[in-house]
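Structure first, then comments.
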Amino acid sequence: MTFQHDVSGTAESVWSSALAERDLPALDLQALPGSAGSRPLRRLVVVAAHPDDETLGAAGLVAHAHAAGLEVQVVVATRGEASHPHSPTHTPQMLAQRRLAEVASAVAVVAPGQHLDVLCLPDGRLAEHEAALTARVVALVGDGRDCLVVGPWRGDGHPDHEAAGRCAAAAAARTDARLLEYPVWFWHWGTADDAPWGSALRLELGPEGRELKERAVQAHHSQVAPLSGRPGDEVLLGDDVLAHHRRDCEVFWQLEAEDTALERLHVDEVDPWGVDERWYEQRKRELVLSCLPRQRFRRAVEVGCSTGALAAALAERCDDLLALDQSTTAVGRARQRLADAGLDHARAERASLPEEWPVVAGCDLVVISEVGYFLGAARLEQLLARVATSLDADGVVVLCHWRHEVEGWPLDGPSVHRAARSSRLLPPVAATYADRDVELLVLCGADQLPDPRPEPHDG
């Protein structure tokens, strides 16, 4: 589908029939499944590409959540300044000012007193700024175990909507938040055959919900009425479009949250972290190797191997090594590195952790390096629990992470290490190291530490 405002689309009567033919499950906020460790919903974060998307797609849900006592935050990526590119009466700046006021009024109708955040990213070019929007949503959500993120459907057809949807999905994946997606323009130009009905949830609005939503829609006056009678100032949201959003229900897709940022990073760059070039990376590997309490290990697992530089070094001290990473591209390069070095006892495998933690027992070494902060708090706890199931009695766990803020993710190195320290499933803290940039944590029994006394000798 190619985005156009002014083409005739699917009539609402067609959608009414399609909805009547299907017994869609009701949307129950507190029944939405979450990851292990999820908590009752307390917060709702709604992501929109433009002012009015949040109203058209989710105003009923916002009103419902607000009435249920949830904290509501609305994040709008752009000011919508490109809605009338040929207007003879409004400059983009004037449109932006009008639409900012309109969205504030609309949100106040359905969730009075709640938070509105507008990023002022460029309207029409949101795909170029996904990292900024994702980082902002992640910062708002934080620990998402009690949060529902709602964003535009990633298949809505409008490039800005799809970009905002990808950002919402990535933020939900990074924070362990639940995720729902709302269609907007899809109702206009899509067909029933295009809809992912198997993931659909229906929220009944009721008379009060419909009335609140209509008031919020009318607050976007620059979109539901002409700016003037002159060419270029035509109405954008005509009655045929608004009919889709005046139903007695809202429909959401419950799709899997996905974050492809790390995979894209490895696709775009051969060595994205500079593991073969940067002194920080070389020094960090030496620190990890030097803190290992034994010279030799039987079976080791490295979590987050990237292109395999540390895996190759660890393999020199292990009889068997399994290196894991979620990036298919990174794993391919790690495999090549291990093969080139002739390390046949070491292998690299793709795994999304903690969900795909391999069935491996008898490990006496697990290394978690520069990957813990790419997980939310809940998934980090799950990973540490799975590590514990694979450890032998003499097992050692080593964590190594950068100490500074990791923009766009909810955790940093020190918080990852605090979680490991507090885990009752892992061995106790045996040794630590920290400087300005890097922090290491060694967990193992005291009997696994090297004896500092010199070995006896003849003479």
Side-chain angles (χ1 to χ4, degrees), residues 1 9-10 12 14-36 38 40-41 43-49 53-54 56-62 64-65 68 70 130 134 137 141 144-205 209 213 244-245 247-260 352 355-356 376 378-379:
M1 296 181 293
T10 304
E12 176 56 18
V14 175
W15 285 114
S16 296
S17 297
L19 290 168
E21 293 170 358
R22 293 167 172 83
D23 184 18
L24 300 183
L27 171 55
D28 181 343
L29 287 176
Q30 295 302 344
L32 291 173
S35 60
S38 291
L41 283 180
R43 298 179 293 140
L44 172 68
V45 174
V46 178
V47 181
D53 296 338
E54 79 301 323
L56 298 173
L61 176 60
V62 171
H64 176 73
L70 271 66
E130 290 187 32
T134 302
V137 179
V141 174
R145 286 176 285 186
D146 65 352
C147 185
L148 169 62
V149 174
V150 180
W153 181 31
R154 286 168 279 177
D156 201 45
H158 189 300
D160 275 359
H161 289 203
E162 295 188 354
R166 290 190 295 270
C167 294
R174 295 179 190 183
T175 61
D176 300 320
R178 300 162 178 88
L179 176 71
L180 291 176
E181 302 181 39
Y182 58 86
V184 176
W185 281 100
F186 170 74
W187 299 123
H188 184 59
W189 54 52
T191 70
D193 291 338
D194 301 324
W197 294 114
S199 69
L201 295 173
R202 177 180 178 128
L203 178 67
E204 297 293 338
L205 300 186
K213 182 165 183 173
H244 306 309
H245 306 287
R247 300 173 187 150
D248 58 2
C249 70
E250 288 178 342
V251 177
F252 299 87
W253 313 135
Q254 187 177 17
L255 301 169
E256 184 177 355
E258 182 183 24
D259 179 17
T260 61
S352 178
E355 297 82 3
E356 297 175 352
R379 294 179 69 232

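Computation of the quantities below employed the complete heavy-atom set of this structure, encompassing side-chain atoms and omitting hydrogens, waters and symmetry-equivalent molecules.
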Side-chain donor/acceptor pairs under 3.5 Å, residues 168-179, sequence neighbours excluded:
{"from": "Arg174", "atom 1": "NE", "to": "Asp259", "atom 2": "OD2", "distance (Å)": "2.7"}
{"from": "Arg174", "atom 1": "NH1", "to": "Gly408", "atom 2": "O", "distance (Å)": "2.7"}
{"from": "Arg174", "atom 1": "NH2", "to": "Asp259", "atom 2": "OD1", "distance (Å)": "3.3"}
{"from": "Thr175", "atom 1": "OG1", "to": "Ala171", "atom 2": "O", "distance (Å)": "2.7"}
{"from": "Asp176", "atom 1": "OD2", "to": "Ala377", "atom 2": "N", "distance (Å)": "3.3"}
{"from": "Asp176", "atom 1": "OD2", "to": "Ala378", "atom 2": "N", "distance (Å)": "2.8"}
{"from": "Asp176", "atom 1": "OD2", "to": "Arg379", "atom 2": "N", "distance (Å)": "3.2"}
{"from": "Arg178", "atom 1": "NE", "to": "Leu32", "atom 2": "O", "distance (Å)": "3.1"}
{"from": "Arg178", "atom 1": "NH1", "to": "Arg39", "atom 2": "O", "distance (Å)": "3.4"}
{"from": "Arg178", "atom 1": "NH1", "to": "Arg145", "atom 2": "O", "distance (Å)": "3.2"}
{"from": "Arg178", "atom 1": "NH2", "to": "Arg39", "atom 2": "O", "distance (Å)": "2.9"}

In chain order, what residues pass the side-chain contact (heavy atoms from CB on, under 4.5 Å) check against [X], with sequence neighbours excluded?
X      : value
Ser199 : Pro196, Trp253, Leu255
Ala26  : none
Gln30  : Asp28, Pro40, Leu41, Leu70
Pro25  : Leu201

What is the minimum heavy-atom distance between Val150 and Phe252, and which atoms define it?
->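 Shortest heavy-atom contact: CG1-CE2, 4.1 Å.
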What is the minimum heavy-atom distance between Pro183 and Trp187, and which atoms define it?
->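 Reported closest heavy-atom pair: O-NE1, 3.5 Å.
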Under the side chain to side chain donor-acceptor pair (under 3.5 Å) test, residues paired with [X] that sit two or more places apart:
X      : answer
Glu130 : Arg166
His244 : Glu12
Glu258 : none
Thr260 : Arg264

Does the side chain to side chain contact (heavy atoms under 4.5 Å, CB included) test come out yes or no for Leu56 and Tyr182, once each step is laid out?
-> CA-CA 9 Å; Leu56 298 173; Tyr182 58 86; over 6 Å; no
Would you say Leu180 and Leu27 make side-chain contact, with heavy atoms under 4.5 Å?
->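 Yes; the side chains approach each other to less than 4.5 Å.
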Any salt bridge (Lys or Arg N to Asp or Glu O under 4.0 Å) involving residues 195-204? Give me the pairs, sequence neighbours left out, ordered by first then second residue.
->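 Non-adjacent pairs meeting salt bridge (Lys or Arg N to Asp or Glu O under 4.0 Å): Arg202-Glu204, Arg202-Asp248.
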